[in-house]
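Keep in mind that the numbers below use all heavy atoms, side chains included, and drop hydrogens, waters and symmetry copies. These numbers come from a predicted model, not from an experiment.
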Amino acid sequence: MDNEEKISAAQKMLGDFAPKLLGYTDNVLFGDLWEGKELSRRERSLITVAALVAGEHSGQLKFHLNFAKEHGLTEEELKEVITHLAFYTGWPKAMTAIMIAKEAFENEK
């Protein structure tokens, strides 16, 4: 593994600007939490995408949609999740999320 592969996405974004937040992100959030055995990464991704759509956290949604695909969710499943959430979280939130998903998935092709 070369040095570039060891650098997390958070490290690339923050550098040494906020080392404490970076440590929590890498070690607690994507370390302890995402590595828990009680839920699969696929399940954790599904929960995370749903929470981000419900909370209208569009800044993090694109990353987590792609992360969810890495964890086994398909584009069709993710589109269905967003459609389902429209009825529980509100139409505007779902429309915002589906546009982010459309952009994220089109950029991969």
Fit a plane to each ring of His64 and Phe67, take the angle between them on a 0 to 90° scale, and name the class: parallel (under 30°), tilted (30 to 60°) or perpendicular (over 60°).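 Geometry flag for Phe67 against His64: perpendicular rings.
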Tell me, do [X] and [Y] make a side-chain contact under 4.5 Å, heavy atoms counted?
X	Y	result
Val28	Leu33	no
Ile47	Leu39	yes
Leu65	Val49	yes
Lys62	Asn107	yes
Trp34	Ser45	yes

Can you see which heavy atom on [X] is nearest to which on [Y], and at what distance?
X	Y	result
Ala94	Ile82	O-CG2, 3.4 Å
Ala50	Leu85	CA-CD1, 3.6 Å
Leu78	Ala68	CD2-CB, 4.0 Å
Lys93	Thr89	CD-O, 3.4 Å

Say you draw a straight line from [atom1] of [X] to [atom2] of [Y]; how long is it, rounded to the nearest 0.5 Å?
X	Y	atom1	atom2	result
Thr74	Glu80	OG1	CD	10.0 Å
Leu61	Ile98	CG	CD1	9.5 Å
Glu106	Glu75	CD	CD	9.5 Å
Glu76	Thr83	CD	OG1	9.5 Å
His71	Leu46	NE2	CG	12.5 Å
Ser8	Leu22	OG	CG	5.5 Å

Can you tell me if CD on Glu56 sees more than 12 non-hydrogen neighbours from other groups inside 6.0 Å?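 Atom CD in Glu56 is packed in, count exceeds 12.
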Taking everything shown except Phe63 itself, do over 12 heavy atoms lie less than 6.0 Å from its CZ?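 More than 12 within 6.0 Å, yes.
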Check this for me: does any side-chain nitrogen of one of Arg41 and Glu70 sit under 4.0 Å from a carboxylate oxygen of the other?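 Salt bridge absent between Arg41 and Glu70.
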Check ion pair Arg42-Glu77 (N to O, under 4.0 angstrom):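 Salt bridge: yes.
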Report whether Val53 and Phe105 are members of the same hydrophobic cluster (ILVMFWY, side-chain heavy atoms less than 4.5 Å apart, transitive linking).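 Hydrophobic grouping puts Val53 with Phe105.
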Can you get from Met95 to Tyr88 by hopping between Ile, Leu, Val, Met, Phe, Trp and Tyr side chains that sit under 4.5 Å apart?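 Met95 clusters together with Tyr88.
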Does Phe87 have any ring pair (Phe, Tyr, Trp, His ring centres under 6.0 Å) partners at least two apart in sequence or in another chain, and if so, which?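 For Phe87, the residues satisfying ring pair (Phe, Tyr, Trp, His ring centres under 6.0 Å) (neighbours in sequence not counted) are Trp91.
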Exam field: side chain Glu103 to backbone Ile100, donor-acceptor pair closer than 3.5 Å: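 Not a single qualifying donor-acceptor pair exists.
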